[in-house]
Amino acid sequence: MLEKRYNPKEVEKGKYELWKNKGYFKAGDISKKPFTIVIPPPNVTGKLHLGHAWDTTIQDIIIRYKKMQGFDTLYLPGMDHAGIATQAKVMEKLRKNGVDVTKISREDFLKTAWEWKEEYANNIHEQWKQMGLALDYSRERFTLDEGLNFAVRTVFVDLYNKGLIYRGERIINWDPVQKTALSNVEVIHQDDKGYMYYFSYPIVDSNEKLIVATTRPETMFGDVCVVVNPKDRRYSKYVGMKVINPANGDVLPIIADEYVDLSFGTGAMKCTPAHDPNDFLIGEKYHFPKPIIFNKDATMNEKCGVYQGMDRFECREALIENIKKDGNFVKMEEIVHPVGHSERSNAVVEPMLSKQWFVKMRPLADQALSNQKGKNKVNFIPPRFAKVFSQWMEKVDDWCISRQLWWGHRIPAYYHKDSGDCIVSIEPPKDMENYIQEEDVLDTWFSSALWPFSTLGWPNTSSEDFKRYFPTDVLVTGYDIIFFWVSRMIFQSLEMTKSIPFKKVVIHGLVRDEKGRKMSKTLGNGVDPIAVIDTYGADALRYFLTTNSTPGQDMRYIEEKVVSSANYLNKIWNSARYVLSVLPSDFNEEKMVCLSSMDHWIVNRLEETIRNVESNMEKYDFNAASTHLYNFVYDDFCSQYLEMSKVALSSDDERKKNATYHVLYHCLKNIILLIYPYTPFIAEELYLNLPKHLDSIMLESYPKYHPQLIDKEHDEEVEFLFDLIKDVRNYKILNKLAPNAKLELSLKTNKTLFEDFNVYLERFTFSKLGDLQNKQGEIKNYPLGQMTIYSNVDSGELRAKLEKDIALEENEIMRGEKMLGNENFLAKAPKDKVELEKEKLAKHRLVLEELKKKLASL
RNA sequence: GGAUGCUUAGCUCAGUUGGGAGAGCAUCACCCUUACAAGGUGGGGGUCGGCGGUUCGAGCCCGUCAGCAUCCACCA
């Protein structure tokens, strides 16, 4: 017997272990068609947040749904080593433990990092368990494990040999806190307040000056020239002359290049080739040297004279003061301009010339773009995200993949100790004693990019898993990592496996707080999914997360909605409790026979619901799918059929009762099965309480639409009955009568109503049917007939009510007449529509007549 | 400077080929009716951001304007 109230803690207890131990999460039934989702591997840096909960719940719903549809589903788990983020956290931990991290060896650091990984992996496993994810743990992977490392080396060497990976000196984004290079997507541009400084540069052999503007005066130590536009009449006379750099007295040539924008700043631009990407190009073009002026921590280096050792921003201030003293300061203006920050450390990123490893993107991007135009493209859901992807691919720069870190895949390049020659190979050279391996590791996303195939055994293309489960079917992820991850998986997969990595990408948004703000540590507005589960249960959280937004749209976390999700589950719980309590102890599920009109009606509604749920599940529109089920559960099943069933069950007719048992059971079972992918715990609990069941709901099939079960012959009469009941209830409330007040009714209809129609009507209106021809009453009209409610309400109120109804009817008639009086409408609208409007108009006219008669008789 | 999304009830949001706008929460009235008071029954509340267009008919399609949000972008 079920408890009176749904208790998620009790319901969820032990179920996950059971599923897992029984092997229900394991893929490998080769008699079925495979269906694969790989989890986006979470970072081993901390706890999972609501965004993960949302993401994985969508995946789990799809997996559980597909499994019930008879697929051999593989939901592959794994985690990401998250290079920079994890290294920072491990370093911090070491520092807290009193370790001098500047002296620690690579090996010692890595040992601590692996311990960290174990600890956090455990946390994540616990969270996956609480969320109820149907993950096949026998196939779990880690981006830094042996097999994935082999895949990474294989890809690296292959791309290198094809000329798609190269080592070169270019301007990269330098994070002076983490002391590593970053890729472009790891730099966040935000609008910061700053200043535009104007300095005068004295012209050599002249009394004139050139005024140059800059936002970063400290880079003046790296300047090699001043550039003006050749079309700029203000400055053309100076081209070829020289100026004095007010920062250090260097003599710099004035050159002309089209790049300079006449209208920006003063039209004269200082050029720092080692610390600005555009200046770098000019430096290359005119063969200037490219002096680097920063140390790795963004302090000033030996090229900066007295400023050596100063932090870049201190140097800026000091330098400005000195320029002021020298009389070369012109002015400064406050401006707001985009400044690059490191995604991880938030430090202001310094563009810096550096020797790094790069992936040559153009050929790979073009391949991905042309693939999107073909038949085997990756389908984005919603489709607009395909555009986001292709626009990025169209203008992507080369990808800087080397990182000056320890935690990651070490680049498989080896330098000869004497000659310096570089060998790139999967395995180290045989005479390794003569070589030194590249110190740098790869960008974390380099290994993540291989995830859909490296986890399935690639590069061993004859691996059973790779052959069977690749390409994967669906990838679910947030729009915020399309560039980081989705796009890179696509081009790497196309290049390495000659196939797309997944057929579909289901994109969702971000979870925000109730005010619509992004959840962040600094705001302290993050919500811990485990805390939510603790209070409301995993099912309520899962249901909330997947039924409160449209695909691709952001969502707000609103606790009341989690509460109402839990209330909905309680509703289902209680409806189950009712059904199970009325079923006879020897109930045995058989074919539904001898159905009453009422029984047919609910079965019809259920079939429609199944059809709608199915079609929306196929579109990954979980909000729409669940809304259909919700309406069925509340309005059709609980509010109507379940109440009505009490009539049949209280009769003496065994045939009627038996039909009702079967229909109740049929509906309940289908509700449980339909909602199961969303809320597996409660569904399993209720399922196991059914009189007849398999060992687990996970072994069941998902309900299918069976049009042959539909019989709508008496649906209209059933709806008629509901209308009558509703109107009597409404009448009582309007007339301040108690809900159970006894009234007398009469009913006129020219249709033979289904058996027990009057019994239902009397019972649910607490009223008595009779012939009230000689009494005064309120008349109500319906398509199938007319009801009169005997009334002793005073005539004033009745008159007001009638007048209101008349106004409403007149309004309807006006609308109809206007529409039908429009010749264009008659000519162009579909015939059905015109007929419908004609019928409606006739009906309203009839009703109006009745109402007027009634009013006159008062 | 490009691109995208959003603007619908007091709040948070749905609205699937264009044919009289819905949910949750809130609110009002009545009810502890034997599945559920974290409930039930019934009600109130919306010129669907503004303007213009297409159409017999527009929340939905087109144009335009405004506001909000996000992403991309090297303007010193």
Side-chain angles (χ1 to χ4, degrees), chain A residues 2 4-6 171 184-185 189 196 212-216 219 227 259-261 263-272 276-281 337-338 340 351 382 384-385 387-388 391-392 395 397 479-480 482-483 509-510 512 514 516 518 547-550 552-556 558-561 563-568 570-582 612 615-616 619 621 623-624 627 630-631 634 638-639 642-643 646 725-727 729-734 736-740 764 766 812 815 819 822-830 832-834 836-837 840:
Chain A
L2 297 174
K4 191 170 178 185
R5 184 163 175 90
Y6 156 58
I171 298 277
N184 293 346
V185 287
H189 291 94
M196 181 73 84
V212 177
T214 178
T215 53
R216 297 192 299 155
T219 63
V227 194
Y259 172 75
V260 175
D261 180 348
S263 61
F264 191 87
T266 62
M269 182 189 90
K270 73 188 218 37
C271 174
T272 323
D276 183 282
N278 297 305
D279 295 8
F280 175 81
L281 295 176
H337 62 148
R384 67 185 141 92
F385 289 105
K387 211 163 142 190
V388 176
Q391 281 179 352
W392 186 73
K395 52 180 170 184
D397 283 326
Y479 60 69
D480 52 327
I482 291 177
F483 305 137
L510 263 42
R512 299 172 172 278
E514 72 260 343
K518 225 168 158 171
T547 63
N548 276 285
S549 72
T550 313
Q553 219 62 40
D554 287 352
M555 172 180 39
R556 296 189 190 194
I558 294 170
E559 192 168 354
E560 289 83 65
K561 292 209 174 194
V563 174
S564 79
S565 299
N567 288 342
Y568 172 46
N570 184 52
K571 187 82 180 171
I572 294 176
W573 179 270
N574 271 291
S575 66
R577 204 161 72 91
Y578 166 78
V579 173
L580 295 173
S581 75
V582 300
N612 287 326
S615 78
N616 284 298
K619 289 188 277 187
D621 191 343
N623 181 22
T627 300
Y630 181 94
N631 290 335
Y634 260 95
C638 292
S639 294
L642 205 140
E643 293 301 327
K646 292 168 185 173
I725 292 170
K726 186 174 172 174
D727 282 344
R729 283 171 174 167
N730 190 14
Y731 175 89
K732 289 180 181 179
I733 282 175
L734 284 176
K736 309 243 181 281
L737 296 169
N740 59 356
F764 288 97
F766 297 90
E812 289 295 318
R815 169 182 174 270
M819 206 178 227
N822 182 341
E823 280 176 29
N824 281 324
F825 174 75
L826 294 176
K828 294 184 181 176
D832 295 358
K833 177 71 184 166
V834 177
L836 189 74
E837 287 301 328
K840 272 163 74 177

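So that the names make sense, note that chain A is the first sequence line, chain B the second, and so on, each numbered from 1.
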N/O contacts under 3.5 Å, protein versus nucleotides 5-9 of chain B?
{"unit_1": "B:rG5", "atom_1": "O2'", "unit_2": "A:Gln553", "atom_2": "NE2", "d": "2.5"}

Report summary line: Heavy-atom nearest nucleotide on RNA chain B taken for A:Glu823 and for A:Pro338; more 5' hit belongs to A:Glu823
Query raised in the report: Among side-chain atoms of A:Asp554 and A:Tyr479, is any donor-acceptor pair under 3.5 angstrom?
Result: yes
Query raised in the report: Would A:Lys646 count as a cation-pi partner of A:Tyr578, with NZ or CZ less than 6.0 Å from the six-membered ring centre and within 45° of the ring normal?
Result: yes
Query raised in the report: Taking only residues two or more places apart in sequence, or in another chain, which ones meet A:Lys833 in a salt bridge (Lys or Arg N to Asp or Glu O under 4.0 Å)?
Result: A:Glu837
Requested in this report: Measure the distance from CG on A:Asp279 to P on B:rC74 and round it to the nearest whole Å.
Outcome: 14 Å
Within the sub-3.5 Å range, which N or O atoms of nucleotides 45-48 of chain B have a protein N or O partner, and how far apart are they?
none

Query raised in the report: Touch check for A:Pro830, heavy atoms < 4.0 angstrom, all strands: base, sugar-phosphate only, or nothing?
Result: base
Report task. Output yes when at least one side-chain N/O atom of A:Thr550 is less than 4.0 Å from OP1 or OP2 of B:rA14, else no. Result -> yes
Requested in this report: Using heavy atoms to find the nearest nucleotide of RNA chain B for A:Phe825 and A:Glu812 separately, return the residue whose nucleotide is more 5′.
Outcome: A:Glu812
Query - Distance (rounded to the nearest 0.5 Å) between A:Thr547 OG1 and A:Lys561 NZ - result: 8.5 Å
Query raised in the report: Is the shortest heavy-atom distance from the side chain of A:Tyr259 to the side chain of A:Val227 under 4.5 Å?
Result: no
Report task. Going 5' to 3' through nucleotides 31-41 of chain B, assign each nucleotide B (protein heavy atom under 4.0 Å from a base atom), S (under 4.0 Å only from sugar-phosphate atoms) or - (no protein heavy atom that close). Result -> S---BBSBSSB
Query raised in the report: Just checking, is any N or O donor in the side chain of A:Asn616 or A:Asn612 under 3.5 Å from an acceptor N or O on the other one?
Result: no
Report task. Grab the NZ-C1' distance between A:Lys387 and B:rC72 for me, whole Å please. Result -> 13 Å
Query raised in the report: What would the secondary structure line of RNA chain B be in dot-bracket form, counting Watson-Crick and G-U wobble pairs under 3.5 Å, with [ ] for pairs that cross earlier ones and | for pairs with another strand?
Result: (((((((..((((.....[..)))).(((((.......))))).....(((((..]....))))))))))))....
Requested in this report: Measure from the side chain of A:Lys833, starting at C-beta and using heavy atoms only, and say which of B:rA3, B:rG19, B:rG15 lies closest.
Outcome: B:rG19
**Report entry** Residue list, salt bridge (Lys or Arg N to Asp or Glu O under 4.0 Å) with A:Asp621, at least two apart or on another chain
**Finding:** none
Report task. Using a 4.0 Å heavy-atom cut-off across all strands, classify A:Phe483 as base, sugar-phosphate, or nothing. Result -> sugar-phosphate
Requested in this report: Please work out if A:Lys732 contacts a base, only the sugar-phosphate, or nothing of the nucleic acid, heavy-atom cut-off 4.0 Å.
Outcome: nothing
Requested in this report: Determine the interatomic distance between P on B:rG10 and the same-named atom on B:rU47; round to the nearest Å.
Outcome: 8 Å
**Report entry** Side chains of A:Pro351 and A:Arg216 in contact at under 4.5 Å (non-hydrogen atoms)
**Finding:** yes
Report summary line: Interatomic distance, CE@A:Met819 vs NZ@A:Lys840, rounded to 0.5 Å, equals 7.5 Å
Requested in this report: State whether A:Arg556 places a side-chain N or O below 4.0 Å from either non-bridging phosphate oxygen (OP1 or OP2) of B:rC13.
Outcome: yes
Report task. Using whole Å, report how far OH of A:Tyr731 lies from C1' of B:rA29. Result -> 17 Å
Query raised in the report: Reckon A:Val388 touches a base, only the sugar-phosphate, or nothing at all at heavy-atom distances under 4.0 Å?
Result: nothing
Requested in this report: Measure the shortest side-chain to side-chain distance between A:Leu836 and A:Asp832 over non-hydrogen atoms and say whether it is less than 4.5 angstrom.
Outcome: no
Query raised in the report: Do A:Ser549 and A:Asn623 have side chains that get closer than 4.5 Å, going by heavy atoms?
Result: no
